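Below is one structure; the comments refer to it alone.
Model, not experiment: these values are computed from the prediction. Naming convention: chains lettered A, B, ... in sequence-line order (proteins, then strands); numbering from 1 in each chain.
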Protein chains: 2
Amino acid sequence: MQDISETLQQAEANCDAHGSRLTTKRKRVLACLLESGRAQSAYDLIDSVKQSYGDHMQPTTMYRMLDFLVSENLAHKLHLANKYVACSHITCDTCEHSHEVPQFLICNACNRVDEIRIDSELIRQLTNNVSQAGYTLMSPQVELHCLCGDCAAKAA
Amino acid sequence: MQDISETLQQAEANCDAHGSRLTTKRKRVLACLLESGRAQSAYDLIDSVKQSYGDHMQPTTMYRMLDFLVSENLAHKLHLANKYVACSHITCDTCEHSHEVPQFLICNACNRVDEIRIDSELIRQLTNNVSQAGYTLMSPQVELHCLCGDCAAKAA
DNA sequence: CGCTAAAATGATACAGTATATCATTGCCAG
DNA sequence: CTGGCAATGATATACTGTATCATTTTAGCG
């Protein structure tokens, strides 16, 4: 597990590299996402930021922060859960991962999220299914409702 | 394309077979889903039922109807879109399909939905990914944001 | 430096999705 | 025919997300 402030620095560097700005507020939201390591709703994050920094953000503001982070590939929106999660590849040097199709495993119980890479052959088959059915894939992101190891153990 | 009233009869028979009841209201909701052939939100369906039958259902009621239909495998909830769609396998004689992992292709533009079967080898790989990451799959349902052929043609 | 345009943020209101809770009705087994 | 359970009604409210317009901050430029 990487140091969070280090990750934030890297994120800022990534933004600088193509002329966008990781402002204080944006950084706070990202920091909260990184610290929790879990998926959080926009409203969860409003609470987190308030808690950690005493900064009360309006919903509109929070959604703007999140849109920015997602557009910069610093975070992902999980549509299945209506929550957001930090990208697990921020500190990778290149953008080689950003062009892969991510597969998200979302723990229904504790909102822990693991972002794993899908085998490219598997993606090929999925998209093949899609085009055979006459559809075009828009946002190739696979999300699955799961139970993480810890929560499965507790439940048993 | 199968006749809708025939599908409804089959659905009722399926319910009877294990002692649950496809009441008038439940049947109306299912009929609306079948007629449209598209994904509809709970509130869309309230309008549809009102339109077709003059029956005004409260949100609470509609969500109960939908929970029932989903639990009977007569409909599916599409979490990506927060919408509901009729199961495309109601009229299959056995429940052989219900144990497969469905893959839903959702048209972002017109909400048309196709439910296709995923190759079992592909499922094996997906679930393999999941268990290697220490997770247990809860609701194995793959949903993908797409554009259907018609809408892609219009957009061009 | 001071101006200006664009980017970022603030503030208010509201639309859309979903659930909690308690009351009432209808059905059928004994 | 009645007691209990399944189904539905009714009201309120919580959660998720967006529209709109105002204000502040920043970067670039003469």
Side-chain angles (χ1 to χ4, degrees), chain A residues 11-12 15-30 32-33 38-50 53-72 74-85 106 108 111 139 143 145, chain B residues 11-12 15-16 18-30 33 38-50 53-72 74-85 106 108 111 139 143 145:
Chain A
E12 191 152 23
C15 286
D16 283 350
H18 57 285
S20 63
R21 289 181 296 157
L22 191 64
T23 62
T24 304
K25 283 182 176 289
R26 289 167 174 173
K27 200 182 294 186
R28 283 177 178 171
V29 174
L30 181 55
C32 286
L33 279 173
R38 292 164 202 279
Q40 293 186 72
S41 75
Y43 287 78
D44 291 340
L45 281 164
I46 288 174
D47 292 344
S48 298
V49 170
K50 175 82 176 178
Y53 303 97
D55 179 2
H56 176 64
M57 297 186 184
Q58 308 285 343
T60 313
T61 303
M62 179 56 74
Y63 279 104
R64 276 197 287 234
M65 304 297 116
L66 290 166
D67 286 348
F68 173 84
L69 294 176
V70 168
S71 74
E72 294 291 323
L74 297 172
H76 299 288
K77 164 150 198 184
L78 303 175
H79 294 88
L80 266 196
N82 292 320
K83 292 183 196 306
Y84 297 81
V85 70
I106 309 164
N108 272 2
N111 287 320
S139 72
E143 305 175 24
H145 275 313
Chain B
E12 191 152 23
C15 286
D16 284 350
H18 56 286
S20 62
R21 289 182 296 158
L22 191 64
T23 62
T24 304
K25 283 181 176 287
R26 289 167 174 172
K27 200 181 292 186
R28 284 177 177 172
V29 174
L30 181 55
L33 279 174
R38 290 167 203 278
Q40 292 186 73
S41 74
Y43 287 78
D44 292 340
L45 281 164
I46 288 174
D47 292 343
S48 298
V49 170
K50 175 81 178 180
Y53 303 97
D55 179 2
H56 176 65
M57 298 186 184
Q58 309 285 344
T60 313
T61 304
M62 179 55 74
Y63 280 104
R64 276 196 288 234
M65 303 298 115
L66 290 167
D67 286 348
F68 174 84
L69 295 176
V70 168
S71 73
E72 294 292 324
L74 297 172
H76 300 287
K77 165 153 196 182
L78 303 176
H79 293 88
L80 267 196
N82 292 320
K83 293 183 193 306
Y84 298 81
V85 69
I106 309 164
N108 272 2
N111 287 321
S139 72
E143 305 176 25
H145 273 315

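The CZ atom of A:Phe68 sits 9.0 Å away from atom CZ of A:Arg21, with the distance rounded to the nearest 0.5 Å.
Straight-line distance from the CG atom of A:Asp67 to the P atom of C:dT9: 12 Å, rounded to whole Å. Per the geometry, CG belonging to A:Leu22 stands 11 Å off P belonging to C:dA8, to the nearest Å. Between B:Ile46 atom CD1 and C:dT19 atom C1' there is a gap of 13 Å when expressed in whole angstrom units. In this structure, the CZ atom of A:Phe68 is 12 Å from the P atom of C:dA7, given to the nearest Å. The interatomic distance linking B:Met57 (CE) with C:dA18 (P) rounds to 17 Å, in whole Å. Rounded to whole Å, the distance from CZ on A:Arg26 to C1' on D:dT26 is 12 Å. For B:Leu69 and D:dA7, the CG to P distance is 12 Å, given to the nearest whole Å. B:His56 places its NE2 atom 13 Å from the C1' atom of D:dT8, with the value rounded to the nearest Å.
Contact annotation: A:Arg64 side-chain N/O to C:dA8 OP1/OP2 distance is not under 4.0 Å. For B:Thr23, no side-chain nitrogen or oxygen approaches OP1 or OP2 of D:dA7 to under 4.0 Å. Contact check, B:Arg21 against D:dA6: no side-chain N or O comes under 4.0 Å of OP1 or OP2.
As judged by a 4.0 angstrom heavy-atom cut-off over every strand, B:Met62 is placed among residues making no nucleic acid contact.
Put simply, the side chain of A:Asp44 gets close to the backbone of A:Ser41: a donor and an acceptor are under 3.5 Å apart. Under a 3.5 Å cut-off, the side chain of B:Glu143 and the backbone N or O of B:His79 do form a donor-acceptor pair.
Taking A:Glu12 as the reference, A:Asp16, A:Leu22, A:Lys27 meet the side chain to side chain contact (heavy atoms under 4.5 Å, CB included) condition, with sequence neighbours excluded.
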Review item, nucleotides 12-17 of chain C N/O atoms under 3.5 Å of protein N/O:
{"from": "C:dT12", "atom 1": "O4", "to": "A:Thr60", "atom 2": "OG1", "distance (Å)": "2.8"}

Run the side-chain contact (heavy atoms from CB on, under 4.5 Å) check on A:Ile106 and A:Val85 step by step: do they pass? CA-CA 10 Å; A:Ile106 309 164; A:Val85 70; over 6 Å; no

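The two residues A:Met62 and A:Ala42 come nearest to each other via the heavy atoms CG-O, 3.5 Å.
The shortest distance between side-chain heavy atoms of B:Thr24 and B:Asp55 does not fall below 4.5 Å.
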